Amino acid sequence: MTQNTAEAGVVTGPGDDRMVVAENVHKSFGRLEVLRGIDLEVRRGEVACVVGPSGSGKSTFLRCINHLEKISAGKLWVDGQLMGYRQRAGKLYELHDSQVARQRRGIGMVFQNFNLFPHMTVLGNVMEAPVRVKGEPRSAARERALELLDRVGLADKAPEYPRQLSGGQQQRAAIARALAMHPELMLFDEPTSALDPELVGDVLDVMKGLAEEGMTMIVVTHEMGFAREVGDKLVFMDGGVVVESGEPRGVLSDPRHERTRAFLSKVL
């Protein structure tokens, strides 16, 4: 993403090996304050799992990282770039939509409900962004898409349409679509919560494979087994703040805060 810094007119900030840096991030919808001062760092190659009760601000924070939601206060950097804004003489100025779109090219996002284009084949879904957004030749985009579909176990589903796939297959296709843009950061917003239990494992296996390859990932999830096995950091959010964060096994076995203990007692 850093190659676009000058083009987007963005002043770089925290960099080194930190992929994501959130500094006192607030987000309000009218009078409702959903995020109330989030401070968080995710280093390059880390898998950060974000857990917490419904309404704690987890998904909102994820959407703020790639500026799908505009923050109300604070700052967010991704790969050294200040997301959505330029800073000049100590003041922040919002970037144009085209500049924000360029920033997002290095960030893949997988949603809870797949969001595949229903009128396109699985192959077409995976090819669409590289061709339209990055201007890749269709032949190269097709070759890459077929490789990714094979990687997520869907090589035989390329000519089918999303409605012909199971929920788990649709989610794996959505992961392949996100990977087609060569992201440096992957955001997952409860990727298994809409799936039948027997379909969850295939999606988690794909995500484990990405983690093993060194992909930086932030995963909002209720899958505590995944967080324990794959995560490098577990972040517990409640009431729009980070209550506790640390090494997953430590947080899960010996949480420091009473609110964390109360939450884990209900989900473990």
Side-chain angles (χ1 to χ4, degrees), residues 1-2 4-5 8-44 46-109 111 183-190 216-221 232-246 251 256-257 259-260:
M1 290 177 63
T2 51
N4 295 326
T5 299
V10 182
V11 176
T12 57
D16 49 72
D17 70 338
R18 293 177 291 177
M19 177 64 77
V20 177
V21 178
E23 181 182 290
N24 195 30
V25 170
H26 290 251
K27 173 63 183 177
S28 297
F29 296 96
R31 295 183 179 179
L32 177 62
E33 191 175 20
V34 178
L35 301 179
R36 299 189 295 116
I38 300 292
D39 292 298
L40 183 68
E41 295 183 359
V42 178
R43 298 191 177 276
R44 195 176 302 274
E46 271 192 337
V47 177
C49 295
V50 183
V51 303
S54 297
S56 59
K58 307 182 302 296
S59 294
T60 298
F61 176 60
L62 209 65
R63 292 171 64 86
C64 286
I65 292 174
N66 63 0
H67 207 63
L68 287 176
E69 297 287 356
K70 299 176 184 178
I71 63 177
S72 304
K75 296 176 183 178
L76 264 168
W77 287 270
V78 177
D79 197 15
Q81 291 192 49
L82 188 60
M83 287 299 297
Y85 299 90
R86 69 165 61 88
Q87 183 169 302
R88 183 181 300 162
K91 294 184 178 180
L92 295 181
Y93 300 88
E94 192 168 349
L95 297 177
H96 295 301
D97 289 346
S98 60
Q99 294 171 313
V100 175
R102 284 195 289 271
Q103 288 186 324
R104 289 195 190 117
R105 290 181 185 179
I107 305 172
M109 187 161 185
F111 299 88
E184 297 179 35
L185 169 67
M186 286 286 288
L187 308 176
F188 293 87
D189 189 7
E190 302 199 28
T216 310
M217 299 160 58
I218 303 178
V219 185
V220 171
T221 185
D232 299 295
K233 176 180 293 184
L234 183 66
V235 179
F236 172 61
M237 287 182 60
D238 190 30
V241 299
V242 173
V243 176
E244 184 167 350
S245 67
V251 174
R256 300 190 307 271
H257 295 270
R259 183 65 190 94
T260 314

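Because the structure is a prediction, the values reported are computed rather than measured.
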Spacing of [atom1] belonging to [X] relative to [atom2] belonging to [Y], to within rounding of 0.5 Å:
| X | Y | atom1 | atom2 | result |
| --- | --- | --- | --- | --- |
| Tyr85 | Lys91 | OH | NZ | 15.5 Å |
| Ser56 | Phe61 | OG | CZ | 11.5 Å |
| Ile65 | Met109 | CD1 | CE | 8.5 Å |
| Glu23 | Asp39 | CD | CG | 7.0 Å |
| Met19 | Met217 | CE | CE | 13.0 Å |
| Met237 | Ser59 | CE | OG | 9.0 Å |

Residues Asp17, Arg43: salt bridge by 4.0 Å N-O rule: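 Between Arg43 and Asp17 there is a salt bridge, with a charged N closer than 4.0 Å to a carboxylate O.
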Between [X] and [Y], what is the shortest heavy-atom contact and its length?
| X | Y | value |
| --- | --- | --- |
| Asn24 | Gly37 | OD1-CA, 3.5 Å |
| Val100 | Gly84 | CG2-CA, 4.1 Å |
| Leu35 | Cys64 | CD1-SG, 4.1 Å |
| Ser72 | Ser28 | OG-N, 2.9 Å |

Residues that Asp232 engages under side-chain contact (heavy atoms from CB on, under 4.5 Å), provided they are two or more places apart: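 By the side-chain contact (heavy atoms from CB on, under 4.5 Å) rule, Asp232 matches Glu46, Val47.
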Listed partners of Phe29 passing side-chain contact (heavy atoms from CB on, under 4.5 Å), at least two apart: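 side-chain contact (heavy atoms from CB on, under 4.5 Å) list for Phe29, sorted by chain: Lys27, Val34, Thr60, Glu69.
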Side chains of [X] and [Y]: does their closest heavy-atom pair fall under 4.5 Å?
| X | Y | value |
| --- | --- | --- |
| Leu95 | Arg102 | no |
| Leu76 | Ile71 | yes |
| Trp77 | Glu41 | no |
| Asp79 | Arg44 | yes |
| Ile107 | Pro183 | no |
| Leu82 | Leu92 | yes |

Please confirm whether the backbone N or O of [Y] pairs with a side-chain atom of [X], one donor and one acceptor, at under 3.5 Å?
| X | Y | result |
| --- | --- | --- |
| Lys58 | Gly52 | yes |
| Glu184 | Thr216 | no |
| Arg256 | Glu244 | no |
| Arg104 | His67 | yes |

Test side chain to side chain contact (heavy atoms under 4.5 Å, CB included) applied to Val20 and Ile218, step by step: CA-CA 9 Å; Val20 177; Ile218 303 178; 4.0 Å; yes
